[in-house]
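Quick notes on the structure that follows.
If you're wondering where the values come from, they're calculated on a predicted model, not measured in any experiment.
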Amino acid sequence: MHWHLHLKRAALLAVLFAASGLTGVDAHAQQCGPEAPPPAVPLNDQMSGTRVLRRLVLGLSGTTPTVEQYEAMAAATTPEARESLLRATLEAALASPKFYERMVNFGHEWLAVGAYTTGAAGDAYQGDMSGHLFKCDANTAHAGAYYAVHEFGDSKDPAKQCQDQDADGNPAVPEVHQVEPWWAPGTTVTVLGKAGSDVTQVTDSKGQPVDCGLANGGYYDPMLPAACGCGPNLVWCSPLYGLHSNSNHDFGLQRRHPYEEPARLFAHLAWHDRPLSDLILGNYSVGTNWLRALYVRFGRQMGNSALDKNTTWWRPDADNAPRDPLHPTPNDPQAWREFVVEDLEPFHLALTPDRARSGSIDRTYRFDPRTTTDAPQGLPTAGVLTMIGSLSSFPRERVRAARFLEMFACQNFSPPPADVHFPPLEVDPGTGGTCLHCHRTLDPAAISFKRWDFGTAQSSYVPWPFMPGVGRHRITKEWLSGQYPYIGTSPGYRWKNAFVPNTLLTPVTPEQVKANPEAVLLDTMPDTYTLLGEHGDGTMGPLGFGKLVVRSGEFDRCVARKMYSMFIGRDLNPATEKGFIDKLAREFVAGDRKLKPFIRYLFEQPELRRGL
């Protein structure tokens with residue numbers, strides 16, 4: 001029956017075509033031809049004033065506008081009035097402490113470092129490089145008083161002092177000292193025993209002098225020797241206990257502060273209208289008393305005692321250095337206050353005659369261990385690149401290079417395509433094997449980050465960071481021998497396997513290493529190398545790396561991309577939007593690389609006001 005229906009339909013169509021005067025191909029064309037497109041309607045993707053207001057306030061402060069701000073925008077009846085209101089809102093947001101907080105949060109996203117926990121395990125943790133002070137229990141004769149764990153050596157219970165007992169448990173009233181501590185300026189704490197005294201040197205069992213300012217001993221007794229004082233204002237000690245936790249959750253934990261430092265410096269630069277290039281070129285940073293103490297103790301462990309009698313670094317009201325807006329009280333030890341790093345830690349070189357705060361690209365320090373056996377003066381300070389927390393977070397030089405290239409040059413390290421063939425791997429991953437794909441970029445950069453490691457050659461335990469070859473930590477052939485007692489996880493043993501002569505990472509000859517074992521620590525990129533298309537200028541260490549990243553233009557392009565993504569809400573594609581990225585980078589540089597002028601420029605971009 002179905003075929004009868006088909007015949008009827010065909011006959012009906014034929015009658016219709018005949019009536020219209022169309023047959024054959026003309027009829028088919030009339031039936032199936034495309035219809036004329038409707039007239040184009042311009043896309044109206046301009047957001048309303050209230051939506052632009054919300055986007056602006058949310059991006060700069062992390063919160064939504066107030067009801068009053070919404071009402072003011074709704075009451076603005078002309079485009080000029082709305083634009084004026086938006087500009088006023090922008091300036092108010094940039095001047096609000098909420099902007100600083102927003103920058104801290106973004107700083108953690110951008111400058112992501114790990115916890116300051118390398119070598120930090122158990123209560124023997126020496127990441128603070130200080131002797132630990134404990135508190136007497138509430139039910140003791142000296143409730144709340146501090147005592148040092150080293151008071152009776154490592155075999156007696158020092159808490160007996162709290163009960164007016166000596167090391168053997170016999171009745172004895174301990175020494176009692178009233179001291180203004182570095183961690184709480186303007187207050188006084190009670191300290192029992194020798195910890196609160198002015199003893200700066202003692203004699204060990206072999207009759208040798210022991211400097212109380214150094215944290216001595218091994219894994220089980222890493223505190224100051226018995227009978228030592230804690231130094232002026234207790235600067236060689238810390239009131240910390242229970243450091244078996246690796247958490248960063250609380251600002252009461254000292255290790256939270258080096259973790260916080262990179263993000264706080266970024267927020268500081270944004271808030272005080274400083275060039276963002278100071279993130280990798282500046283000789284200054286910001287820190288609370290807890291963080292400043294780390295730098296002071298680091299310099300002391302490295303062999304410099306210049307800060308022993310300095311009573312200003314821990315007094316927040318001792319100068320008018322810029323600080324964060326969340327701690328405006330002059331004497332707040334938790335304020336993030338600006339400081340030249342060399343003023344607290346003399347081996348972090350400022351490289352300016354008066355140690356002024358400087359992010360100048362002209363700062364230069366050249367040192368070549370292939371031509372001298374002298375020790376370098378120190379490591380040129382380079383913002384985030386030389387911070388205790390960031391260097392310790394990435395505990396190997398190649399990892400540091402990779403993370404910093406990702407952060408500050410927006411580099412992306414991914415596996416090579418399957419059809420690419422590489423020379424065979426022999427010794428050097430920078431010149432052969434599949435790893436060549438990344439190491440030909442990583443290794444020239446990693447040269448800059450050799451002078452930071454952990455521990456001492458005599459111990460497999462890793463108690464604190466140090467700069468190899470600097471200060472009292474000179475490197476000898478024994479360090480690199482791999483023989484007892486310099487074996488296991490000792491830094492020298494690792495260097496023996498990692499810093500192989502005549503490789504891309506270690507461009508020195510065996511003869512140069514024989515003449516000076518510290519030649520393997522060469523941390524200046526040779527002038528024959530290139531990185532990001534640029535030759536270095538001979539500056540030693542991370543500062544040389546930072547200067548090259550800025551000079552190449554990659555820093556400016558990377559910052560432009562990150563800020564555009566943050567405030568506009570869209571990632572820029574470097575493959576298809578290179579011209580626009582370059583334009584943004586030029587605007588960023590034209591504003592002296594400061595964030596606030598660049599934000600004002602982004603505010604003018606049409607894309608900020610578009611949305612569906």
inquiry  = Taking Asp332's backbone N and O only, do any of them form a donor-acceptor pair with Thr329's side chain (distance below 3.5 Å, no angle check)?
reply    = no

request  = Return yes if some donor-acceptor pair links the side-chain N/O of Thr539 with the main-chain N/O of Leu543 below 3.5 Å, else return no.
outcome  = no

key: Side-chain donor or acceptor of Thr89 paired with backbone N/O of Leu85 under 3.5 Å   = yes

key: Under 3.5 Å side-chain donor-acceptor pair for Asn412 and Ser414   = no

message = Would you say that Pro429 contacts His437 through its side chain, given a criterion of any heavy-atom pair below 4.5 Å between the two side chains?
response = no

ask   = Closest approach of Pro380 and Leu351, non-hydrogen atoms and distance?
value = CB-CD1, 3.6 Å

message = Between Glu604 and Arg87, does any side-chain N to carboxylate O distance fall below 4.0 Å?
response = yes

query = Is the NZ atom of Lys594 crowded by more than 12 outside heavy atoms at less than 6.0 Å?
reply = yes

ask   = Does a side-chain heavy-atom distance below 4.5 Å link Leu60 with Leu94?
value = yes

request  = Ignoring hydrogens and angles, state whether a donor on the side chain of Asn289 or Arg337 is under 3.5 Å from an acceptor on the partner side chain.
outcome  = yes

request  = State whether Glu397 and Arg451 are salt-bridged, where the test is any N-O pair (Lys NZ or Arg NE/NH1/NH2 against Asp/Glu carboxylate O) under 4.0 Å.
outcome  = no

remark   = Distance col, row Ile280:CD1 vs Met407:CE, nearest 0.5 angstrom, shows 11.5 Å

query = Going through the distances and angles, do Phe339 and Trp313 end up as a ring pair (Phe, Tyr, Trp, His ring centres under 6.0 Å)?
reply = CA-CA 9 Å; Phe339 64 95; Trp313 67 263; 9.7 Å; no

ask   = Okay, side chain of Ser84, backbone of Glu80: is any donor-acceptor separation there less than 3.5 Å?
value = no

ask   = Where do Leu391 and Phe454 come nearest, in terms of heavy atoms and distance?
value = O-CZ, 4.3 Å

query = Is it true that the side chains of Ser285 and Glu261 contain a donor and an acceptor less than 3.5 Å apart?
reply = yes

ask   = Are Pro333 and Trp183 close enough that some pair of their side-chain heavy atoms sits under 4.5 Å apart?
value = no

query = When rounded to the nearest 0.5 angstrom, what is the spacing between SG in Cys558 and CH2 in Trp110?
reply = 6.5 Å

task = Using atom types as modelled and distance alone, determine if a side-chain donor or acceptor of Ser61 lies under 3.5 Å from a backbone N or O of Leu58.
result = no

message = If you define the side chain from C-beta out and look only at heavy atoms, does anything of Leu344 sit under 4.5 Å from Phe298?
response = no

key: Distance-minimising heavy-atom pair for Thr312 and Ala318   = O-CB, 3.8 Å

Positive for salt bridge (charged side-chain N to carboxylate O under 4.0 Å, His left out) with Glu577, one of Arg570, Lys583, Arg561 = Arg570

ask   = Any side-chain donor-acceptor pair under 3.5 Å between Arg264 and Tyr100?
value = yes

request  = Apply the test side chain to side chain contact (heavy atoms under 4.5 Å, CB included) to residues Asn283 and His348: give CA-CA distance (whole Å), side-chain angles for both, the deciding distance (0.1 Å), then the verdict.
outcome  = CA-CA 8 Å; Asn283 63 15; His348 274 77; over 6 Å; no

message = Would the distance check show the side chain of Arg610 and the main-chain N or O of Gln46 forming a donor-acceptor pair, the cut-off being under 3.5 Å?
response = no

message = Which residue is it: Leu385, Leu276, Val559? I am looking for the one with a side chain to side chain contact (heavy atoms under 4.5 Å, CB included) to Phe408.
response = Leu385

query = Do other residues, nucleotides or ligands put more than 12 heavy atoms under 6.0 Å from Arg551 CZ?
reply = yes

ask   = Could you walk me through whether Tyr295 and Phe347 pass the side chain to side chain contact (heavy atoms under 4.5 Å, CB included) check?
value = CA-CA 10 Å; Tyr295 282 101; Phe347 297 102; over 6 Å; no

task = Please work out which of the three classes, parallel, tilted or perpendicular, describes the rings of Trp290 and His257, given edges at 30° and 60°.
result = tilted

task = Measure the spacing between CD of Glu91 and OG of Ser96 and express it to the nearest 0.5 Å.
result = 12.5 Å

inquiry  = Could you walk me through whether Leu90 and Leu86 satisfy the side chain to side chain contact (heavy atoms under 4.5 Å, CB included) test, starting with their C-alpha distance in whole Å, then the side-chain angles of each, then the deciding distance to 0.1 Å, before giving a yes or no?
reply    = CA-CA 6 Å; Leu90 170 67; Leu86 287 172; over 6 Å; no

query = Does the side chain of Asp523 come under 3.5 Å of the side chain of Ser448 through a donor N or O and an acceptor N or O?
reply = no

message = I'd like to know if Glu345 pairs up with Arg297 as an ion pair, taking the criterion as any Lys NZ or Arg NE/NH1/NH2 lying under 4.0 Å from an Asp or Glu carboxylate oxygen.
response = no

query = Angle class for the Phe404/Phe394 ring planes (parallel below 30°, perpendicular above 60°, tilted otherwise)?
reply = perpendicular

message = Test side chain to side chain donor-acceptor pair (under 3.5 Å) on Asp278 and Tyr284; report intermediate values, then the result.
response = CA-CA 8 Å; Asp278 284 4; Tyr284 63 95; 2.4 Å; yes

key: Heavy-atom donor-acceptor pair, Thr364 side chain to Asp362 backbone, under 3.5 Å   = yes

task = Begin from the C-alpha positions of Trp271 and Leu595 and carry the test side chain to side chain contact (heavy atoms under 4.5 Å, CB included) through to its verdict.
result = CA-CA 9 Å; Trp271 178 255; Leu595 183 56; over 6 Å; no

task = Identify the two heavy atoms, one from Glu607 and one from Arg55, that lie closest to each other, and give their separation to 0.1 Å.
result = O-NH1, 3.4 Å

ask   = Does any donor atom in the side chain of Asp443 or Tyr529 lie under 3.5 Å from an acceptor atom in the other side chain?
value = no

request  = Measure from NZ or CZ of Arg256 to the centre of the six-membered ring of Phe251, then state whether that distance is under 6.0 Å and the direction lies within 45° of the axis.
outcome  = yes

inquiry  = Between Ser392 and Trp452, do the side chains contain a donor N or O and an acceptor N or O under 3.5 Å apart?
reply    = yes

ask   = Is a side-chain donor-acceptor pair under 3.5 Å present for Ser358 with Ser360?
value = no

ask   = What closest approach, in Å, do Leu602 and Ile568 show between heavy atoms, and which atom pair accounts for it?
value = O-CD1, 4.0 Å

ask   = In terms of side-chain geometry, is the basic nitrogen of Glu534 or Lys547 positioned less than 4.0 Å from the acidic oxygen of its partner?
value = no

inquiry  = Looking only at the side chains, is there a donor atom on one of His535 and Thr530 sitting less than 3.5 Å from an acceptor on the other?
reply    = no

inquiry  = Looking at Glu587 and Arg557, is any side-chain nitrogen of the basic one under 4.0 Å from a carboxylate oxygen of the acidic one?
reply    = no

key: Whether Phe555 and Phe588 hold their rings parallel, tilted or perpendicular, with breakpoints at 30° and 60°   = tilted

query = Does Arg593 make a cation-pi contact with Phe598 (under 6.0 Å, within 45 degrees of the axis)?
reply = no

inquiry  = What I want to check is whether the side chains of Asn105 and His108 have a donor and an acceptor closer together than 3.5 Å.
reply    = no

request  = Please confirm whether the backbone N or O of Leu505 pairs with a side-chain atom of Lys450, one donor and one acceptor, at under 3.5 Å?
outcome  = yes

key: Taking every non-hydrogen atom, the tightest pair across Pro416 and Thr434   = CG-CG2, 3.5 Å

message = Under a 3.5 Å cutoff, is there a donor and acceptor pairing between the side chains of Gln605 and Tyr564?
response = no

note = Taken to the nearest 0.5 Å, the spacing of Leu53 CG from Met47 CE works out to 10.5 Å

ask   = Any donor and acceptor pair, going by atom type alone, linking the side chain of Arg82 with main-chain N or O of Met73 inside 3.5 Å?
value = no

inquiry  = Looking at Arg586 and Asp582, is any side-chain nitrogen of the basic one under 4.0 Å from a carboxylate oxygen of the acidic one?
reply    = no

request  = Without swapping roles, check the side chain of Thr381 against the backbone of Leu349 for a donor-acceptor pair under 3.5 Å.
outcome  = yes

Presence of salt bridge, Arg403 and Glu406, under 4.0 angstrom = yes

